[in-house]
K.L.:
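This structure is in structure tokens; I'll ask about it shortly.
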Amino acid sequence: MSKNTKINVLLLLVVAALAVLPLALGLGDHKEEPFTGSDGEAETAITEIKPDYEPWFSPLYEPPSGEIESALFSLQAALGAGVLAYYFGLHRGRRQGEQRALAQQHTDGTAGSTAEESTAERA
């Protein structure tokens, strides 16, 4: 097993542990909704500290249900992951293309010259 494979397996185990440990240890069992988002926790804390607090503004769009809100959040996360995957894939593809071009130049015996120069020399 290569070093990179070992690191990837270790990272996957850490992520799995972070997902499973709170459930296995029963963290949040004392709450009505144990794993609510940070927005809900903040709202609860604010109303406990200052019950007459009025928000500065209201949301532009309020989803009709929690399921739709979750679906929109998932869509946002998927789009963000897609943009990141595209960027990293494009970057890696360009780098691999440059490496192949350099390797091709070396096998053609034109090390140190550009592709245009080698084409001009052949003609």
K.L.:
To the nearest 0.5 Å, what is the distance between OG on Ser74 and CD on Glu69?
P.N.:
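So the OG of Ser74 and the CD of Glu69 are separated by 10.5 Å.
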K.L.:
According to a hydrophobic-cluster definition based on side-chain heavy atoms being under 4.5 Å apart (Ile, Leu, Val, Met, Phe, Trp, Tyr only), do Ile68 and Leu60 belong together?
P.N.:
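No: no chain of side-chain contacts under 4.5 Å links Ile68 to Leu60.
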K.L.:
Report yes if some heavy atom in the side chain of Val9 is under 4.5 Å from a heavy atom in the side chain of Leu13; otherwise report no.
P.N.:
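With C-beta onward as the side chain, the pair touches.
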K.L.:
Kindly compute the distance separating CZ (Arg94) from CG (Leu90), expressed to the nearest 0.5 Å.
P.N.:
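So the CZ of Arg94 and the CG of Leu90 are separated by 4.0 Å.
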K.L.:
Taking Thr47 for its side chain and Glu43 for its backbone only, find out whether a donor-acceptor pair lies under 3.5 Å.
P.N.:
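Yes; at least one donor-acceptor contact below 3.5 Å.
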K.L.:
If you look at every heavy atom in Lys6 and Met1, which pair is closest and at what distance?
P.N.:
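Lys6 and Met1 have their closest heavy atoms at CE-O, 3.5 Å.
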K.L.:
Looking at Tyr61, I want to see if its OH is surrounded by more than 12 non-hydrogen atoms of other residues, nucleotides or ligands under 6.0 Å.
P.N.:
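Atom OH in Tyr61 is packed in, count exceeds 12.
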K.L.:
Quick check: closest heavy atoms across Thr5 and Ser2, and the distance to 0.1 Å?
P.N.:
OG1-OG, 2.9 Å
K.L.:
Using a 6.0 Å cut-off, check whether atom OH of Tyr53 has over 12 heavy atoms from anything other than its own residue.
P.N.:
yes
K.L.:
Find the distance between CD (Gln96) and CD (Glu98) and round it off to the nearest 0.5 Å.
P.N.:
11.0 Å
K.L.:
Rounded to the nearest 0.5 Å, what separation is found between the CG atom of Leu79 and the CG atom of Leu84?
P.N.:
11.0 Å
K.L.:
Hey, quick one: are Ile7 and Leu10 part of the same hydrophobic cluster, counting side-chain heavy atoms closer than 4.5 Å, chains of contacts allowed?
P.N.:
no
K.L.:
Between Ala17 and Pro22, which heavy-atom pair has the shortest distance, and what is it?
P.N.:
O-CD, 4.2 Å
